[in-house]
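Below: the structure, in structure tokens.
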Protein chains: 2
Amino acid sequence: MRETDIEALRQLPLFENATAETLRVATAGALLQPFPAETTLLIEGAPSDCLYVLLDGQVELHASWNGSDTVLSIARPVSMFILAAIVLDADALMSARTLERSLIAMIPGDAVRTAMRLDPHFAGAVARELAGGYRGMVRSTKNIKLRNNSARLANYLLTLRAAGGFGAVVRLPYDKRVIASLLGMTPESLSRSFSALGTQGILVSGPVVTIRDVSALEAIAKPDPLIDMHAPRCAEIRADTDAEIWASEQTRTSCR
Amino acid sequence: MRETDIEALRQLPLFENATAETLRVATAGALLQPFPAETTLLIEGAPSDCLYVLLDGQVELHASWNGSDTVLSIARPVSMFILAAIVLDADALMSARTLERSLIAMIPGDAVRTAMRLDPHFAGAVARELAGGYRGMVRSTKNIKLRNNSARLANYLLTLRAAGGFGAVVRLPYDKRVIASLLGMTPESLSRSFSALGTQGILVSGPVVTIRDVSALEAIAKPDPLIDMHAPRCAEIRADTDAEIWASEQTRTSCR
DNA sequence: CGCGCATTTGAGGACTGTCAACTTCCGTGG
DNA sequence: CCACGGAAGTTGACAGTCCTCAAATGCGCG
């Protein structure tokens, strides 16, 4: 990798405050490589040789069982994937595939682990990165186990809205079938969930979704800062949430 | 905490190879405390002040939304919980409640973060711990998104069997309603899944489950080392799995 | 023994997935 | 420029899974 490319890695929180020396150690033998769309970079179950850093493009992380598969998350620049497998030098649990032409840096796992041993600050950054990833998976699990298809879609639209500056129009960043799988439903169910939201002021035209009534959407979504990154953290909502939790605790206790 | 209690923490991989100094820093101001059963230790959304280390007993980690709640995992000794929130000094995403009388060490979050800064090896241990937790959540998400109730229960029984030395009789470690929530179903569905397995040589008598025919159970479970910790990693199964993945990749590609 | 609680069983319905047909869109090539 | 083919998305019919509510059963403990 060239010097300027290595500097691009500083966009990652992981390398943001790393010393030049740590960056040099960590990226020893790293490759920078463009991949075409629809290219499988990594198959689940394979040993994880390299940490992947997505500098441009989109990569889908998915997993399969018994002939079906599901999208677990989608990486967008600048971010990395399979860090957990690299840290443990274990087999990958997910497959990775480009959704579009993507520019990817591949950093040898040994180099990452060496840098962790040498630089406590870097090891701390890895720990923080993994902590964030863990919490993301917790949010995702709560989303799937606690909400139905409509609520998941409604919150997803609110997430896109927040990421797009809270405008009335959002653009779906991936094909609908990918979004369906990410949200844990079939493409048909996604389509029906969209039309169900039609009565709540949601207009869908190809990849463009217009939100006419945010309140109506929020009534369905019931966003929660402990599940959704888009949910507001203001004191009122926190208080409501606590009250809810308290109430449900009481319910469980009284049922026992 | 007394010296002997602190030594108990060495049972954790996190502290296994820590220096005496790191252990001292990390456990500065730590408390060792017994809690009765059914006690809520931590409510989701609250700031995470302490890292909890479960030395004896059982603690359920659960989360709620819109009046319902779900069990995300259950901690067994010796293990810790809410490490991710501590590392990021963030609000807890899960509530914690004892299922039975439990002995718990509470380590101030500041002490943990300080130890991470001072000792690269400790920071690395935290990173490895979080990597393991992340991968556990990935497995759990795959389990929920890809499998139906019967397959989840069948794999859970195989997990218990593996943990119990592969005998024909396993004992359910928690109340059935807790297991149901952990597996993402209602108690009624768990009960019906159990009776459905009755035709496959599974006998249930209270908390005792007898597995008469492991092959029949495995036929339903279709265990996968990339989802289940109990699944064998032998070359044959790996080859089968790879073939499956390959096949599904081909399917997706040909469908495009 | 009787109460309380967990679990089971039954009935019914809501939700979601499957299968198939149809429409739309888009890029290709005549 | 338009016809065509293929894929994505939509719609309809249907089935199966799973949940909800309600009642019955069983078990443990005071």
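Residue numbering restarts at 1 for every chain, and letters A, B, ... go by the order of the sequence lines. Atoms considered below: every heavy atom in the structure, side chains included; atoms not considered: hydrogens, waters and symmetry mates.
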Length of the line joining Leu190(A):CG and dT18(C):P, which is rounded to integer Å: 15 Å
Rounded interatomic separation in angstrom, taking CD from Glu38(A) and P from dA7(D): 12 Å
Atom-to-atom span, CZ of Arg152(B) to C1' of dC18(D) - whole angstrom: 10 Å
Exam field: side chain Thr159(B) to backbone Asn155(B), donor-acceptor pair closer than 3.5 Å: yes
Test log, rule side-chain contact (heavy atoms from CB on, under 4.5 Å), inputs Glu44(A) and Ser64(A): CA-CA 8 Å; Glu44(A) 54 179 331; Ser64(A) 69; 2.9 Å; yes
Side-chain N or O of Ser189(B) closer than 4.0 Å to phosphate OP1/OP2 of dC19(D): yes
Phosphate contact (dC19(D) OP1 or OP2) by Asn149(B) side-chain N/O below 4.0 Å: yes
Selected nucleotide, minimal atom distance to Met185(A) side chain, candidates dT9(C), dT11(D), dG17(C): dG17(C)
d(CG, Leu99(A); P, dA7(D)) in whole Å: 18 Å
Any donor-acceptor N/O pair under 3.5 Å between dG10(C) base and Arg192(B) side chain: yes
Side-chain N or O of Thr186(A) closer than 4.0 Å to phosphate OP1/OP2 of dT16(C): no
The single option from Leu61(B), Leu54(B), Val178(B) passing side chain to side chain contact (heavy atoms under 4.5 Å, CB included) against Ile74(B): Val178(B)
Evaluation steps, side-chain contact (heavy atoms from CB on, under 4.5 Å), between Gln58(A) and Thr98(A): CA-CA 6 Å; Gln58(A) 288 178 345; Thr98(A) 57; over 6 Å; no
Any donor-acceptor pair under 3.5 Å from Asp213(B) side chain to Ser215(B) backbone: yes
Rounded interatomic separation in angstrom, taking NZ from Lys176(B) and C1' from dT25(D): 13 Å
Members of residues 139-146 of chain A that approach DNA chain D, where some heavy atom sits under 4.0 Å away: none
Closest-nucleotide 5' rank along DNA chain C - winner of Arg147(A) and Phe194(B): Phe194(B)
Side chain proximity check, Tyr52(B) to Val59(B), heavy atoms < 4.5 angstrom: no
Base dC18(D) paired with Glu188(B) side chain (donor-acceptor, <3.5 Å): no
Atom-pair distance (CZ on Arg177(A); P on dT24(C)), nearest Å: 21 Å
Interatomic distance where CG belongs to Leu183(A) and C1' belongs to dC15(C) [whole Å]: 16 Å
Heavy-atom donor-acceptor pair, Ser181(A) side chain to Arg177(A) backbone, under 3.5 Å: no
